[in-house]
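Treat the numbers as computed from the prediction; the structure is a model and nothing was measured.
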Amino acid sequence: MPEIKDPVGSSSRIIAAVRAIETQRPDRLFEDPLAALLAGDEIIAEVIPTAKEYENRGTPFVATRTRFFDDFLMSVAHQRRQIVILGAGMDTRAFRLSWHPDTHLYEVDQPEVLQFKESFLENYQALCYRHSLSIDLKQAWPELLIAQGYQIDIPSVWLLEGLLYYLSENEVHDLLKTITNLSAPTSCLGGDLLNTKPILQSNSELSKHWRYGCDEPETLFASYGWKASVVQPGDEQAHFGRHTYKYPPRDVPDVERVFFVTALKE
Ligand code: SAM
């Protein structure tokens with residue numbers, strides 16, 4: 001049985017566990033039938049108390065983020081037939097969203113993560129053309145994507161969910177530069193970011209791996225030619241009746257924040 005040793009890689013199973021728990025709720029924000037399989041019973045049991053705690057605080061972050069980017073993808077994907085999910089982890093959108101059948105969806109992650117994932121999925125049919133790409137994003141990777149059929153001259157959709165804060169500042173800039181070079185005009189991008197405050201104070205099992213924070217995502221993406229819209233979970237466009245905690249306005253200093261970013265390449 002393949003194993004995921006890297007702590008950031010194995011965090012993808014924790015996220016899958018939260019999605020499995022969400023899938024059992026009568027008021028679920030989405031259904032992810034494969035999440036329980038990919039997370040495993042043991043991790044789900046470990047995650048249940050934390051998921052309850054977040055729910056009680058009005059901050060069901062993972063469920064809110066998943067639904068937000070499900071909606072984003074469905075709102076842009078039908079005009080664009082290639083989707084690239086970087087740091088895909090246990091993402092099962094290829095199997096659970098209603099894609100146009102001509103859609104090509106590329107899942108990119110570290111080899112050990114995708115080996116683990118593929119070992120569970122061989123009997124399941126994706127709802128689009130699904131490509132699994134074992135890649136370390138810190139190394140040169142565009143040729144591998146292109147070799148799988150990705151076309152640089154037609155618009156694409158990128159998803160960077162739960163990824164950017166695990167990279168260094170230089171790696172984030174390199175990645176955005178690469179994505180921009182691979183993106184035809186009217187390509188779209190979605191992703192989440194943390195601001196700088198939690199990065200400076202991070203010390204929990206997972207947050208100790210956080211390296212990059214950004215207080216002005218609009219400016220970051222504009223510097224690469226992307227027009228970004230930024231919301232915080234709990235805002236009108238991102239609460240879904242469940243994320244009842246609302247962040248203070250962005251000009252209030254000293255607040256730990258999460259940003260959901262969607263952007264269009266002009
Ligand atoms: N996007 C998924 C989700 O939201 O469920 C997974 C999020 S998980 C917190 C972060 C993922 O990014 C992991 O699967 C990890 O292996 C991947 N990742 C981090 N750094 C990476 C790198 N340099 N190259 C490829 N994947 C990477």
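- Annotation: side chain to side chain donor-acceptor pair (under 3.5 Å) contacts of Arg242 (sequence neighbours excluded): Glu22, Glu55.
- Across Val113 and Gly9, no two heavy atoms sit closer than the pair CG2-CA, 3.7 Å.
- Gln232 and Val258 make their closest contact through CG-O, 3.5 Å (heavy atoms, listed as atom of the first residue, atom of the second, distance).
- Among residues two or more places apart in sequence or in another chain, the side chain to side chain donor-acceptor pair (under 3.5 Å) test is passed with Asp235 by Lys246.
- Residues that satisfy the salt bridge (Lys or Arg N to Asp or Glu O under 4.0 Å) test with Arg130, not counting sequence neighbours, are Glu107, Glu118.
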Quick one: side chains of residues 259-266, donor-acceptor pairs under 3.5 Å with protein atoms, not counting sequence neighbours, listed by atom name and distance.
unit_1, atom_1, unit_2, atom_2, d
Lys265, NZ, Thr180, O, 3.3
Lys265, NZ, Ser183, O, 2.5

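- Between Tyr247 and His243, the two ring planes are parallel [angle under 30°; tilted spans 30° to 60°].
- Counting non-hydrogen atoms of other residues, nucleotides and ligands closer than 6.0 Å to OH of Tyr129 gives a total of 12 or fewer.
- A salt bridge is absent between Lys117 and Glu122: the closest approach of a Lys/Arg side-chain nitrogen to an acidic carboxylate oxygen does not fall below 4.0 angstrom.
- Partners of Tyr224 by side chain to side chain donor-acceptor pair (under 3.5 Å), not counting sequence neighbours, listed by chain and number: His173.
- Within the 4.5 Å cutoff, the side chain of Pro198 has heavy atoms near those of the Trp210 side chain.
- Between Glu216 and Arg250 there is a salt bridge, since a side-chain N of the basic residue sits under 4.0 Å from a carboxylate O of the acidic one.
- Annotation for Asp41: atom CG does not count as buried by contact number, only 12 or fewer foreign heavy atoms lying within 6.0 Å.
- Distance check: Ile21 CD1 to Ile48 CD1 gives 5.0 Å after rounding to the nearest 0.5 Å.
- For the residue pair Tyr150/Ser156, the side-chain donor-acceptor check at 3.5 Å is satisfied.
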Note to self: Is there a side chain to side chain donor-acceptor pair (under 3.5 Å) between Asp32 and Thr23? Walk through the geometry before answering.
What the structure shows: CA-CA 6 Å; Asp32 188 344; Thr23 299; 5.7 Å; no
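- By the 4.0 Å N-to-carboxylate-O rule, Lys138 lies too far from Asp136 to be salt-bridged with it.
- Side-chain polar atoms of Arg19 and Thr66 form a donor-acceptor pair below 3.5 angstrom.
- Shortest non-hydrogen contact noted between Leu38 and Phe116 is O-CE2, 3.5 Å.
- Looking at heavy atoms from C-beta onward, Ser134 lies out of side-chain contact with Gln110 at the 4.5 angstrom threshold.
- Contact between Pro155 and Ser187 at its shortest, heavy atoms only, is CA-OG, 3.4 Å.
- For the pair Leu144 and Val108, the minimum side-chain heavy-atom distance is 4.5 Å or more.
- A ring-centre distance under 6.0 Å is not found for Phe120 and Tyr124.
- Shown here is Tyr245, whose OH atom has more than 12 heavy atoms of other residues, nucleotides or ligands within 6.0 Å.
- In terms of heavy-atom proximity, Met90 sits nearest to Ala16 at CB-CB, 3.7 Å.
- Residue Gly213 comes nearest to Thr196 through the heavy atom pair O-CG2, 3.5 Å, listed as atom of the first residue, atom of the second, then distance.
- Annotation: cation-pi pair Arg57/Tyr54 present, NZ/CZ under 6.0 Å from the ring centroid and within 45° of its normal.
- Remark: Ser207 engages Ser204 in a side chain to side chain donor-acceptor pair (under 3.5 Å) (not counting sequence neighbours).
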